[in-house]
Amino acid sequence: MARVSRYYDVKRDEQDRRYLEVNVTGFALLHIPLLNKSTGFSAEERKLLGLQGLVPPHQSTLEEQKERTYRRYLQQASDLERHVYLRSLQDRNEVLFYAMLEEHLEEMLPILYTPTVGEAVKAFSDLYRYPRGLVVSTGDIASLDESLENLPLDDVRMIVATDSSAILGIGDQGFGGMAISIGKLSLYTTAGGVGPDKTLPVELDVGTDRQDLLDDPLYLGVHHTRLTGAAYDEFLDRFVEGVQARYPKAIIQWEDFAKGSAFRVLERYRRVIPSFNDDIQGTGAMALAGLLSAARLKGERFEDQVFVVVGAGAGGIGVAMAIRQGLIRAGLSAEQASARVYVVDRQGLLVQGQVELEAHQRSFARTPAELFDWTVQGDVPTLQETIRNARATALLGLSGVSGLFTQGVIEAVAANTERPIIFPLSNPTSNVEALPEEIVRWTGGRAIIASGSPFADVPHRTHDGIDGTVPVGQGNNVFIFPGLGFGAIISRAREITDDMVMEAARTLADHTDISTGRVYPSIDQLREVSIQIAVRVARQAISEGVAAERRVRVMSDEQLMAFVRRRFWVPKYLPYRRVGTPTP
Ligand SMILES: O=C([O-])CC(=O)C(=O)O
Ligand SMILES: [Mg+2]
């Protein structure tokens with residue numbers, strides 16, 4: 001087993017209990033977030049590690065520390081301040097950070113992740129305090145191997161890397177995208193059980209095309225426009241090679257790449273290094289799971305629905321591809337499946353010969369012949385015309401355009417079916433295609449709703465005067481990526497196959513209790529769902545012959561489940577020993 005860090009390693013004592021063997025002491029140790037117990041060091045540890053005089057006399061328990069920090073957290077004035085507070089806690093005392101997050105996950109998820117992380121991305125240069133993760137920039141790509149050597153971690157398994165070209169629905173964010181890589185990885189730890197010292201956030205700083213950022217003297221990224229073409233490919237090739245050399249067991253999650261590069265990067269590397277694109281595949285699997293549950297809730301077959309996906313970027317095409325795969329699994333032929341999925345972009349429905357289509361969009365474009373009996377005004381069917389003519393029963397928004405689902409659009413879907421499925425999935429909250437409250441109003445409470453960012457359930461009075469609420473599920477890829485990544489790590493998958501992603505989607509659907517009227521689990525079930533996904537993803541990797549981990553290949557389902565639960569990292573303070581100290 002590789003050493004975890006240059007500063008410490010995780011070992012087991014004679015009774016098989018874990019402890020940290022450290023080779024750093026005193027003031028320096030207190031400044032390593034994964035080693036710092038703050039006021040939590042025992043008298044013996046203070047002596048052993050040279051901490052006397054550096055920390056207050058009272059030794060706090062982790063419980064007491066949680067209470068102190070949580071009180072302070074509640075005093076922060078805004079969501080962004082709360083985000084900054086949590087991030088600095090993470091950079092100060094990582095075990096305490098995760099212990100707090102574990103206890104208050106539902107409350108803190110919108111602070112650490114969408115929507116507040118969107119604000120943190122935008123303000124990244126203003127908020128910058130402390131280094132975390134790996135910066136790969138055009139200025140130092142030539143010496144990448146040295147950069148990698150400078151990292152204190154020696155056994156990284158999970159990397160989230162973004163080039164920040166399409167952060168959430170808010171576009172090019174230059175260097176600020178680092179906040180997304182950091183945020184996603186804290187979810188890998190708290191929801192997916194991946195130890196924080198096995199994770200590495202990466203910002204691929206290839207420049208930005210945002211003039212306001214380039215003009216800002218305080219902007220922290222490289223001050224030039226984005227690399228493109230061969231130079232961009234070479235940059236990424238170097239990155240992947242460097243990672244493979246330093247961290248041969250690492251998996252890469254590609255995050256928030258603009259549509260022009262998202263598909264290309266995924267296809268270029270997915271067989272070179274185990275990797276997946278969260279916005280294409282994670283979002284696709286998440287949406288498919290919610291749609292399977294929504295069909296069950298309707299009491300209808302999934303394969304009888306007609307789907308309109310709005311947005312032809314990474315998320316939109318990813319969702320359309322996942323739905324098509326789901327329909328084929330349900331028994332439809334490829335043609336029958338394609339016939340049920342319509343993709344609408346800025347110009348309207350994707351139609352062959354009408355607009356310049358990118359490769360990944362092409363298989364979703366309709367032929368003019370398919371539309372011969374449609375009633376439309378212009379050359380290209382609009383969103384509403386598509387919904388009407390196709391008799392769509394499900395509408396999914398991945399456009400990043402707030403307010404795109406107007407009353408007319410929603411009513412058009414509601415005219416086709418008793419229970420319209422409406423998923424405005426764009427993030428953060430400010431980019432949502434329609435507010436759940438509007439959807440409820442415009443459909444008379446008939447819609448099955450899920451949004452990408454969290455929304456409260458909507459109070460609603462039925463036509464017979466009964467007061468109730470319409471539940472709103474949170475359809476976010478956080479229900480997929482932590483379990484998918486953990487399953488791939490556990491099985492040491494050489495590749496993350498499409499069927500592994502599909503298995504993640506099916507597991508999510510299988511673990512959604514639709515009796516609540518919600519098509520996604522609640523956040524308090526996130527950890528358990530991730531564990532279930534990890535097990536089934538690992539099983540799928542084994543059955544496809546891509547699992548390199550021998551130990552898991554011979555495990556029964558029960559053994560695999562027990563193994564995943566045992567490997568799930570939990571925040572607690574471990575005892576310390578110094579390198580070379582004889583065992584007591
Ligand atoms: O980060 C999220 O909330 C989901 C996601 O990947 C995106 O919207 O790009
Ligand atoms: Mg994303």
Side-chain angles (χ1 to χ4, degrees), residues 79 83 105-106 108-122 124 159-173 176-188 190-192 201-204 252-259 261-263 265-266 275-290 309-319 322 396-402 423-433 450-455 472-485 501 504 508 520 523 526:
D79 284 350
H83 177 95
L105 184 58
E106 186 152 5
M108 292 180 178
L109 194 64
I111 300 300
L112 220 46
Y113 188 50
T114 185
T116 314
V117 71
E119 288 178 62
V121 166
K122 289 186 194 167
F124 194 77
I159 290 173
V160 174
T162 184
D163 74 353
S164 304
S165 50
I167 296 292
L168 305 167
I170 56 179
D172 181 358
Q173 296 291 332
M178 181 59 120
I180 277 286
S181 299
I182 293 172
K184 294 255 170 185
L185 282 166
S186 37
L187 298 176
Y188 266 103
T190 198
V202 175
E203 171 60 33
L204 300 165
I252 299 178
Q253 167 171 322
W254 304 109
E255 183 68 37
D256 289 355
F257 283 67
K259 63 178 170 187
S261 49
F263 292 89
V265 167
L266 173 63
S275 54
F276 68 99
N277 180 296
D278 181 44
D279 303 285
I280 300 171
Q281 297 165 287
T283 307
M286 170 278 290
L288 173 61
V309 178
V310 189
I317 296 298
V319 166
L396 298 100
L398 296 114
S399 65
V401 182
S402 78
F423 289 3
L425 294 175
S426 289
N427 295 310
T429 316
S430 52
N431 289 58
V432 75
E433 284 85 358
S451 57
S453 296
F455 278 93
V472 180
Q474 189 181 353
N476 189 285
N477 44 28
V478 70
F479 281 113
I480 295 291
F481 66 79
L484 177 59
V501 181
L508 173 56
Y520 289 96
I523 296 299
L526 176 54

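No hydrogens, no waters, no symmetry mates; every other heavy atom, side chains included, goes into these values. Here, residue 1 is the first one in the sequence, and each next residue gets the next number. Ligands are counted one by one from 1 in listed order, and the atoms in each one are counted from 1 as well. Here the structure is a predicted model, which is why all the values come from computation and not from measurement.
Minimum interatomic distance between Ser165 and Ala258 (heavy atoms only, all atoms of both residues): OG-N, 2.7 Å. Residues Asp256 and Ile167 approach most closely at OD2-CA, 3.4 Å, considering heavy atoms. Shortest non-hydrogen contact noted between Ile170 and Pro428 is CG2-CD, 3.8 Å.
A donor-acceptor contact under 3.5 angstrom links the side chains of Glu433 and Ser426, judged on distance only. For the residue pair Glu203 and Ser164, a side-chain donor N or O sits within less than 3.5 Å of a side-chain acceptor on the partner. Side chains of Thr162 and Ser181: no donor on one and acceptor on the other come within 3.5 Å.
Residue-level proximity to ligand 1 for Val117 is absent, since no heavy atom of it falls below 4.0 angstrom. By the criterion of a heavy-atom distance under 4.0 Å, the side chain of Asn427, and not its backbone, is placed next to ligand 1. Contacts between Asp279 and ligand 1 below 4.0 angstrom, taking non-hydrogen atoms only, involve the side chain exclusively. Residue-level proximity to ligand 1 for Asp256 is carried by the side chain, the only part with a heavy atom below 4.0 angstrom. At a 4.0 Å heavy-atom cut-off, ligand 1 does not touch Ile180 at all. Looking at Asn477 against ligand 1, only its side chain comes within 4.0 Å, counting heavy atoms.
Residue Leu109 is tested with Asn476, Thr190, Leu187 for a side chain to side chain contact (heavy atoms under 4.5 Å, CB included); the sole match is Leu187.
Looking at Asp279 and the Mg ion (ligand 2) together, the shortest N, O or S contact belongs to OD1. The N, O or S atom of Glu255 lying closest to the Mg ion (ligand 2) is OE2. The atom of Asp256 that is an N, O or S and sits closest to the Mg ion (ligand 2) is OD1.
Residue contact check: Asn476 has heavy atoms under 4.0 Å from atoms 2 (C), 3 (O), 4 (C) of ligand 1. Applying the 4.0 Å criterion to heavy atoms of Thr114 picks out, from ligand 1, the atoms 3 (O). When each atom of ligand 1 is checked for a heavy atom of Asp278 under 4.0 Å away, the hits are 6 (O). Under a 4.0 Å criterion applied to the non-hydrogen atoms of Lys184, ligand 1 contributes the atoms 1 (O), 2 (C), 4 (C), 5 (C), 6 (O).
Formation of a donor-acceptor pair under 3.5 Å by the Asn427 side chain with backbone atoms of Ser453 is found in this model. A donor-acceptor contact shorter than 3.5 Å is absent between the side chain of Gln474 and the backbone of Ser451.
The Mg ion (ligand 2) does not have Asp278 among its coordinating residues (no N/O/S atom, backbone or side chain, under 2.8 Å).
Looking at atom 2 (C) of ligand 1, its nearest protein heavy atom turns out to be Tyr113 OH, 3.1 Å.
The aromatic rings of Phe479 and Tyr520 lie parallel to each other, with less than 30° between the two planes, well short of the 60° mark.
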